[in-house]
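No experiment lies behind these values; they were computed from the predicted model shown. As a basis for the values below, the full set of heavy atoms in this structure was taken, side chains included, without hydrogen atoms, waters or symmetry mates.
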Amino acid sequence: MKTIDVKGTLRAETGKKSTRELRKTDAVPCVLYGVEKDDKGLPVATPIAVTNAELRNLVYTPNIYLVNLAVDNKVCKAILKDIQFDPVKDTIMHVDFYQVTEDKPIVMDVPVKLNGLAAGVRAGGKLVAQVRKLKVKALYSDIPEKLDIDVTKLELGKSIKVSELSFDGLELVTPAEVVVCSVRMTRAARGAAATEAEA
């Protein structure tokens, strides 16, 4: 997994008014959930602010990153866990970061890459990706940039489900019955099949 450096600052105030003022300065209110736990057993939440410029390369990309998050001269490793966009303007409204450690597994969405020319496509079908990412659980050092899936043997009308996949060092968290990709019948393929049947 690639790494990216992001700088932030501690937020002295929270609440709607302060977050509105913060956004006017082209910054985004964020929360860093640390590895330490509070009295209720929940991760300690630290309110921080990160500029849109710092977030741009992390958010607007198909890649996943391990974030070197620097906040007031202290650096920790984290992942982008959740992001909220404005429903109208599509601007970033809020971001959650989760601190990670070398010895504790994390759950993360990893992009899927379909490799090869499917047998069903050669027969006139169309390869359709049902999901773009799969949720995996592993140590952050074991999480790849993408999940490579060979579709060469996938025939017309067939699909690949999560239950049929396995990756070294990774536990797939996405439900087993989820369809990852399939080869659908096209009009051309139906016509060819009908012609063969008539012959």
Side-chain angles (χ1 to χ4, degrees), residues 1-36 43-115 129-149 167-174 180-181:
M1 186 165 47
K2 296 178 180 179
T3 60
I4 188 171
D5 296 333
V6 174
K7 294 180 181 179
T9 56
L10 289 172
R11 279 193 287 149
E13 298 180 4
T14 58
K16 292 183 178 180
K17 183 179 179 180
S18 62
T19 54
R20 279 198 301 268
E21 293 299 319
L22 184 65
R23 292 187 184 107
K24 290 179 181 178
T25 66
D26 200 38
V28 177
C30 307
V31 174
L32 170 63
Y33 292 94
V35 293
E36 297 179 358
V44 174
T46 303
I48 62 174
V50 181
T51 64
N52 276 289
E54 287 285 328
L55 289 172
R56 191 170 293 117
N57 291 334
L58 173 63
V59 173
Y60 300 108
T61 173
N63 301 321
I64 57 173
Y65 289 101
L66 176 68
V67 181
N68 293 319
L69 184 60
V71 179
D72 292 354
N73 298 320
K74 293 182 179 180
V75 181
C76 73
K77 295 187 182 301
I79 58 171
L80 176 64
K81 194 67 175 180
D82 189 43
I83 183 167
Q84 297 173 14
F85 292 94
D86 185 285
V88 178
K89 300 178 182 178
D90 204 36
T91 52
I92 304 171
M93 296 294 289
H94 184 88
V95 171
D96 284 341
F97 291 98
Y98 271 53
Q99 185 180 359
V100 298
T101 58
E102 295 180 356
D103 58 348
K104 187 176 180 181
I106 60 173
V107 175
M108 197 167 186
D109 290 328
V110 180
V112 168
K113 187 174 186 298
L114 306 179
N115 298 319
Q130 307 290 108
V131 294
R132 295 185 180 275
K133 294 181 178 181
L134 292 178
K135 198 177 293 290
V136 306
K137 182 178 182 180
L139 298 175
Y140 76 75
S141 56
D142 291 334
I143 294 180
E145 295 176 18
K146 61 183 183 301
L147 299 173
D148 288 299
I149 299 175
F167 301 93
D168 291 341
L170 303 180
E171 175 188 342
L172 289 170
V173 180
T174 302
V180 178
C181 62

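Residues R23 and P29 have side chains in contact (heavy-atom distance under 4.5 Å, counting atoms from C-beta outward). In this structure the side chain of C76 reaches within 4.5 angstrom of the side chain of L32, judged on heavy atoms. Under the 4.5 Å side-chain criterion, counting only non-hydrogen atoms from C-beta, I4 is not in contact with N63. Between K77 and L69 the shortest side-chain heavy-atom distance does not fall below 4.5 Å. Contact check for V107 versus K81: side-chain heavy atoms found under the 4.5 Å cut-off. Counting heavy atoms from C-beta on, the side chains of D109 and K135 come closer than 4.5 Å.
A distance of 8.5 Å separates OG1 in T46 from CD in E36, rounded to the nearest 0.5 Å. Rounded to the nearest 0.5 angstrom, I106 CD1 and I143 CD1 are separated by 4.0 Å. Going from atom OG1 of T3 over to atom CG of N68 covers 5.5 Å, rounded to the nearest 0.5 Å. Note that the OG1 atom of T101 and the CD atom of Q99 stand 7.5 Å from one another [nearest 0.5 Å]. For the atom pair SG of C30 and CG of D82, the computed distance is 11.0 Å after rounding to the nearest 0.5 Å. Distance check: R56 CZ to T61 OG1 gives 13.5 Å after rounding to the nearest 0.5 Å.
Checked by atom type and distance alone, the side chain of N52 pairs as donor or acceptor with a backbone atom of D26 at under 3.5 Å.
For the residue pair M108 and Y65, the shortest heavy atom distance occurs at CE-O, 3.8 Å. Nearest heavy-atom pair across G8 and V50 is CA-CG2, 4.0 Å. Listed here is the closest heavy atom pair of L139 and D103: CD2-C, 3.6 Å. The two residues M1 and E145 come nearest to each other via the heavy atoms CA-CG, 3.8 Å. Contact record, V110 with P144: CG1-O, 3.6 Å, taken as the closest heavy-atom pair. The two atoms that bring M93 and D86 nearest to each other are CG-N, 3.3 Å, heavy atoms only.
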Intermediate values then yes/no, side chain to side chain contact (heavy atoms under 4.5 Å, CB included), Y140 and E102 | CA-CA 7 Å; Y140 76 75; E102 295 180 356; 3.3 Å; yes

Just do the side chain to side chain contact (heavy atoms under 4.5 Å, CB included) check on R11 and T19 with the steps written out, would you?
-> CA-CA 10 Å; R11 279 193 287 149; T19 54; 3.8 Å; yes

Pair Y60-I92, side chain to side chain contact (heavy atoms under 4.5 Å, CB included): steps then yes or no | CA-CA 10 Å; Y60 300 108; I92 304 171; 3.6 Å; yes

Applying side chain to side chain contact (heavy atoms under 4.5 Å, CB included), run through V136 and L147 and close with a yes or a no.
-> CA-CA 10 Å; V136 306; L147 299 173; 4.0 Å; yes

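Around atom CG of D72, more than 12 heavy atoms belonging to other residues, nucleotides or ligands sit under 6.0 Å away.
For the pairing with F97, the side chain to side chain contact (heavy atoms under 4.5 Å, CB included) check across L58, V71, I79 returns one residue only, L58.
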